[in-house]
Amino acid sequence: MGWPRFDPEFPGPFPYTGTPLTAEERSGLTSDGWTLTGPDAAPWNLALTRPPAAGETRWLVYFGGNTPGYLAEAKSVLLTLDQGRAWGLAAFAPPGFDGSPGEPSPRRSATAPRTPCAGW
């Protein structure tokens, strides 16, 4: 069995482009109380967060899969999981996704003791 498609520019099933977010994409992500920070400050990767409502202390943190548009997908999943509970929501783009520094690597993910965002 082979890959479902072959593209010499993006070998394998996951298109690791490392393309930073455009101004339009950033604007769309930061609507409705969401904040986009990094990668020049902790957690050193691009982070998308929405603080919890007053009186709420719970956070839901999303670590997704291999996809271009990582943070847009994460925001959609987090909003669906939150279901209006007003929890804090957070997603961190892994190295090489949505402009986070570095290059994506399954080997790196498996051998890293922990990513900076895991300590956030």
Side-chain angles (χ1 to χ4, degrees):
M1 177 170 189
W3 300 121
R5 63 173 176 73
F6 178 75
D7 182 340
E9 187 177 351
F10 304 114
F14 308 116
Y16 296 121
T17 63
T19 305
L21 296 170
T22 65
E24 184 178 334
E25 289 168 326
R26 284 178 169 271
S27 178
L29 288 171
T30 56
S31 62
D32 302 321
W34 289 80
T35 303
L36 189 61
T37 56
D40 53 348
W44 310 115
N45 287 16
L46 224 49
L48 181 65
T49 56
R50 187 195 73 187
E56 182 59 70
T57 59
R58 292 176 282 190
W59 280 83
L60 183 58
V61 180
Y62 177 79
F63 292 94
N66 302 324
T67 181
Y70 185 91
L71 291 174
E73 179 179 293
K75 182 178 179 179
S76 174
V77 169
L78 285 165
L79 287 170
T80 299
L81 293 172
D82 183 50
Q83 295 184 351
R85 290 181 279 235
W87 291 354
L89 305 174
F92 303 91
F97 286 87
D98 287 350
S100 280
E103 297 201 13
S105 165
R107 182 173 296 129
R108 180 175 179 223
S109 298
T111 60
R114 78 179 206 181
T115 62
C117 28
W120 174 79

Enquirer: Quick one: side chain to side chain contact (heavy atoms under 4.5 Å, CB included) partners of T80, sequence neighbours excluded?
Expert: none
Enquirer: State which residues pass salt bridge (charged side-chain N to carboxylate O under 4.0 Å, His left out) with E56; sequence neighbours excluded, sorted by chain then number.
Expert: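 Per chain and number, E56 pairs via salt bridge (charged side-chain N to carboxylate O under 4.0 Å, His left out) with R58.
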Enquirer: State, yes or no, whether a side-chain contact exists between W87 and L78 at a heavy-atom distance under 4.5 Å.
Expert: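 Not in contact.
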Enquirer: With L46, which of L29, T37, L21 fulfils side-chain contact (heavy atoms from CB on, under 4.5 Å)?
Expert: L21
Enquirer: For residues E25 and L36, determine if any side-chain heavy atom of one lies less than 4.5 Å from a side-chain heavy atom of the other.
Expert: no
Enquirer: Give me the atom names and distance for the closest heavy-atom approach of T49 to A90.
Expert: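 Nearest pair, atom of T49 first, then A90: CG2-CB, 3.8 Å.
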Enquirer: For a quick test of reading the model, state the closest non-hydrogen atom pair linking S100 to P94 and the distance between them.
Expert: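 Closest approach of S100 to P94: CB-O, 3.3 Å.
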Enquirer: Kindly compute the distance separating CZ (R50) from CH2 (W59), expressed to the nearest 0.5 Å.
Expert: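 Atom-to-atom, R50:CZ and W59:CH2 are 9.0 Å apart.
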Enquirer: Exactly one of L79, V77, L48 should register a side-chain contact (heavy atoms from CB on, under 4.5 Å) with L89. Which one does?
Expert: L79
Enquirer: Is a donor on one side and an acceptor on the other found under 3.5 Å between the side chain of D98 and the backbone of A93?
Expert: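 Checked: no pair found.
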Enquirer: Between Y70 and F97, what is the ring plane arrangement, given parallel below 30°, perpendicular above 60°, and tilted in between?
Expert: tilted
Enquirer: Does any pair with a residue in residues 84-95 pass salt bridge (charged side-chain N to carboxylate O under 4.0 Å, His left out), and if so which ones, sequence neighbours excluded?
Expert: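 Applying salt bridge (charged side-chain N to carboxylate O under 4.0 Å, His left out) to every pair that reaches into residues 84-95, excluding sequence neighbours, yields nothing.
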